[in-house]
Enquirer: 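Before I ask anything, let me first share the structure, which is written out below as C-alpha cells.
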Amino acid sequence: MTDAALRTEQHRPAEPAVLDDVPGWFWDHDRHLFEWFLTRQEKAGVTGDLLEMGAYLGRSAIVIGNHLQPSESFTVCDLFDSDAPDDENAAEMEMSYRKTLTRSAFEENYLSFHDELPEIIQAPTSTLAGGRIPAGAFRFIHIDASHLYEHVVGDLQVARVALQPEGVVVLDDYRSAHTPGVAAATWEAVFNHGLKPIVLTEGKFYGTWGDPEPAQRDLLDRVDLSEDCDITVELLNGRRLVRIGNNPLRIAPFRPSRHHDRLAAEATRREAEQTEEEKLRTQRAAAADLDARRVRAAERRRPVNVAKRVAGDLLPPVVTSAIRRARRG
C-alpha cells in the first residue's frame, strides 16, 4: 500500500451501523419533528422537492432522504471541502469543521442508508439564488449552512421563493450564543418578512410563510407525536407559538444502516474472541501458579531440606543458632 493510500485508509470514516454513528449535531427530538412534518405532508398528499442548505456529514440529510417520494428530488448544497467564498466564512469553517468535512465522507455516510445520492451542489448556498432552483417547488427546506447574518438572510430569501405556500422551513442554531447572526436573521424574517413560527425546539426553528395553525393544532392534539415530547404554548406578538422540550427517551430510533447486521456480527465475534482469549489467559495464569506451587512443594520434600526442617524443629534453639552462625562463616 502506498503512503497516499495508507493516509486515505487511516482517515476513512468508520462505517455507521446506526444514525448516531454519523457525526453531527442532530438530536432525537429534532429528528422526530423532521419525520413528523415530512410524514404529515405525505399523508395529506402533498408532493414537492426537498432541500438542505449545509449538510456537514449527512446526519439530517439521511433522515430527509428517507421521505423522498416518487417524482420528487432532494438537493443538498454545501461547500464540503471547497474554499469558502469570503474570509469571514473561511474563518468560520476553519474554527468549526474544516478538518473533518469532506464530500466523500458525506457520500459514504448517506449511501450507508440509501441506494442513491441526492443531487449535490458543492458550492456556497448563495449559488441557489437567481433561478438556480425552481420557485415554489419545495415542500421542506432545512437551513444549516453559514452562521453569518448576511448569509442566513440570503438563505432565507432563497427559501421563501423556493417553498410552496404551505411549505416548511427549518433553521438550525437560531438561539445559540455563538450564532447571533442566525438569531438576528430569523427574527428579522418573522417581524419584517412574514415568516411565521410553527414550533421551536432547543436547537431549531420550524416555520412557514403559509398558515401555521393546522400544524400547530396537530402538534397540540399530539397527532402522530411521540408521547415523550413535552409541549408548551407561548404567545408572540399575539400569535401562538408551540415549544417542544428535549425529552427523547421513548422516541423510536431511526432505521439501521445497510452495515448494521455485519457490524453487529463482527462485534459479537470480537467479543467472543476477547472472552475466549481472556479465558485462555486465566487458564494459563492458573496453570503457571499451580506449577510454581508444585515446584515449591517438591523443593520442600528434598531430603536435605527435610533434614534441615527436622533439625530446626528438634535441636535446642542455642544449638540451632550456633549452626546458623557457623554456616554464615
Side-chain angles (χ1 to χ4, degrees), residues 30 33-34 36-38 40-42 44 46-55 60-61 64 67-69 72-79 85-86 89 118-121 123-176 179-201 203-216 219 236-242:
D30 281 308
L33 274 180
F34 271 48
W36 186 89
F37 276 106
L38 289 161
R40 181 176 178 275
Q41 290 174 335
E42 293 149 21
V46 174
T47 60
D49 296 334
L50 311 172
L51 173 63
E52 180 163 73
M53 301 188 214
S60 55
I64 297 172
H67 292 267
L68 186 63
Q69 301 179 100
E72 294 180 340
S73 68
F74 177 27
T75 302
V76 170
C77 182
D78 197 296
L79 279 172
D86 54 64
N89 199 188
E119 179 186 351
I120 297 176
I121 300 174
T125 53
S126 58
T127 62
L128 301 177
R132 174 71 186 268
I133 56 175
F138 294 81
R139 63 183 171 103
F140 189 91
I141 296 178
H142 179 214
I143 299 175
D144 188 13
S146 171
H147 296 143
L148 302 174
Y149 167 78
E150 296 82 0
H151 295 185
V152 183
V153 167
D155 292 344
L156 279 165
Q157 290 171 348
V158 168
R160 185 176 186 179
V161 173
L163 274 176
Q164 299 173 357
E166 303 302 323
V168 175
V169 61
V170 185
L171 286 128
D172 185 66
D173 276 333
Y174 76 100
R175 59 178 293 276
S176 298
T179 58
V182 183
T186 301
W187 294 112
E188 179 180 72
V190 169
F191 290 111
N192 296 334
H193 304 297
L195 179 61
K196 303 175 186 67
I198 300 173
V199 58
L200 306 179
T201 65
K204 294 187 187 290
F205 172 108
Y206 299 73
T208 181
W209 278 277
D211 183 4
E213 290 287 337
Q216 288 180 333
L219 286 169
L236 179 64
N237 197 28
R239 285 187 173 274
R240 184 168 62 181
L241 187 151
V242 178

Enquirer: Please check: side-chain N/O of R175 versus main-chain N/O of V182, any donor-acceptor pairing under 3.5 Å?
Expert: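 Not a single qualifying donor-acceptor pair exists.
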Enquirer: With sequence neighbours left out, what residues match R240 under salt bridge (Lys or Arg N to Asp or Glu O under 4.0 Å)?
Expert: E213
Enquirer: Taking atom CD1 of I141 and atom CG of L51, what is their separation to the nearest 0.5 Å?
Expert: 5.0 Å
Enquirer: Once rounded to the nearest 0.5 Å, what's the spacing between atom NE2 of H151 and atom CG of L156?
Expert: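 Here the interatomic distance stands at 13.5 Å.
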Enquirer: Identify the two heavy atoms, one from V152 and one from S146, that lie closest to each other, and give their separation to 0.1 Å.
Expert: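 In terms of heavy atoms, the two residues are closest at CG2-O, 3.3 Å.
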Enquirer: Identify the two heavy atoms, one from C77 and one from A123, that lie closest to each other, and give their separation to 0.1 Å.
Expert: SG-O, 3.4 Å
Enquirer: With sequence neighbours left out, write down each residue that passes side-chain hydrogen bond (donor to acceptor under 3.5 Å, both in side chains) with T179, or none if nothing qualifies.
Expert: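 T179 satisfies side-chain hydrogen bond (donor to acceptor under 3.5 Å, both in side chains) with no other residue.
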Enquirer: At their closest point, which heavy atom of T186 faces which heavy atom of L195, and how far apart are they?
Expert: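 Looking at all heavy atoms of both residues, the shortest contact is O-CD2, 4.4 Å.
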Enquirer: Please identify each residue that fulfils side-chain hydrogen bond (donor to acceptor under 3.5 Å, both in side chains) with Y174, with sequence neighbours left out.
Expert: none
Enquirer: Under 4.5 Å between any side-chain heavy atoms of D144 and L171, yes or no?
Expert: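 When only atoms from C-beta onward are counted, L171 and D144 do not touch, as no gap falls below 4.5 Å.
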Enquirer: Can you name the residues that form a salt bridge (Lys or Arg N to Asp or Glu O under 4.0 Å) with E72, not counting sequence neighbours?
Expert: R139
Enquirer: First locate atom CZ of F74, then atom CD1 of I120, and finally report the distance between them rounded to the nearest 0.5 Å.
Expert: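 Between atom CZ of F74 and atom CD1 of I120 there are 9.5 Å.
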Enquirer: Can you find a heavy atom in the side chain of F191 that is under 4.5 Å from one in the side chain of L236?
Expert: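 A side-chain contact under 4.5 Å exists here.
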Enquirer: With side chains defined as the heavy atoms from C-beta onward, is the minimum distance between I121 and V76 less than 4.5 Å?
Expert: no
Enquirer: Between L163 and W209, is there a side-chain heavy-atom distance shorter than 4.5 Å?
Expert: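 Yes, their side chains come closer than 4.5 Å.
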Enquirer: With a 4.5 Å limit on heavy-atom distance, are the side chains of L79 and P124 in contact?
Expert: yes
Enquirer: Kindly indicate whether the side chain of I143, heavy atoms from C-beta on, has any atom under 4.5 Å from the side chain of V170.
Expert: no
Enquirer: To the nearest 0.5 Å, what is the distance between CG on L200 and OH on Y206?
Expert: 10.0 Å
Enquirer: For residues 46-55, pull every pair meeting side-chain hydrogen bond (donor to acceptor under 3.5 Å, both in side chains), keeping only residues two or more places apart or in separate chains.
Expert: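 The answer is D49-S73, E52-S60, E52-H142.
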Enquirer: Listed by chain and number, what are the ring pair (Phe, Tyr, Trp, His ring centres under 6.0 Å) partners of F138, not counting sequence neighbours?
Expert: none
Enquirer: According to salt bridge (charged side-chain N to carboxylate O under 4.0 Å, His left out), does anything in residues 162-174 pair up with another residue at least two apart or in another chain? List the pairs.
Expert: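 Checked against salt bridge (charged side-chain N to carboxylate O under 4.0 Å, His left out) - neighbours excluded - the pairs reaching residues 162-174 are D172-K204.
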Enquirer: Mind running side-chain contact (heavy atoms from CB on, under 4.5 Å) on I133 and V158 for me, showing each step along the way?
Expert: CA-CA 9 Å; I133 56 175; V158 168; 3.9 Å; yes
Enquirer: Would you compute the distance between atom CZ of R132 and atom OG of S126 and round it to the nearest 0.5 angstrom?
Expert: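 Here the rounded value is 10.5 Å.
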Enquirer: I want to check something: taking the side chain as every heavy atom from C-beta on, are V242 and I198 in contact at a cut-off of under 4.5 Å?
Expert: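 The answer is no; the side chains never approach within 4.5 Å.
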Enquirer: Can you name the residues that form a side chain to side chain contact (heavy atoms under 4.5 Å, CB included) with R40, not counting sequence neighbours?
Expert: W36, P214, A215, D218
Enquirer: With sequence neighbours excluded, what pairs up with T125 under the side-chain hydrogen bond (donor to acceptor under 3.5 Å, both in side chains) test?
Expert: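 T125 satisfies side-chain hydrogen bond (donor to acceptor under 3.5 Å, both in side chains) with D155 only.
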Enquirer: Measure from the ring center of F140 to the ring center of F37 and say whether it is less than 6.0 Å.
Expert: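 No.
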Enquirer: Spell out, as yes or no, whether a donor-acceptor pair under 3.5 Å connects the side chain of Q41 to the backbone of G167.
Expert: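 Checking the backbone N and O of G167 against the side chain of Q41, no donor-acceptor pair under 3.5 Å is found.
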Enquirer: To the nearest 0.5 Å, tell me how far S176 OG sits from H147 NE2.
Expert: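 Result: 7.5 Å between the selected atoms.
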Enquirer: What closest approach, in Å, do Q164 and G136 show between heavy atoms, and which atom pair accounts for it?
Expert: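 Between these two residues, the closest heavy atoms are CG-O, 3.4 Å.
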Enquirer: With sequence neighbours left out, write down each residue that passes side chain to side chain contact (heavy atoms under 4.5 Å, CB included) with V153, or none if nothing qualifies.
Expert: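 Partners of V153 by the side chain to side chain contact (heavy atoms under 4.5 Å, CB included) criterion, ordered by chain and then number, come out as Y149, Q157, A185, E188.
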Enquirer: State, yes or no, whether a side-chain contact exists between L241 and V199 at a heavy-atom distance under 4.5 Å.
Expert: no
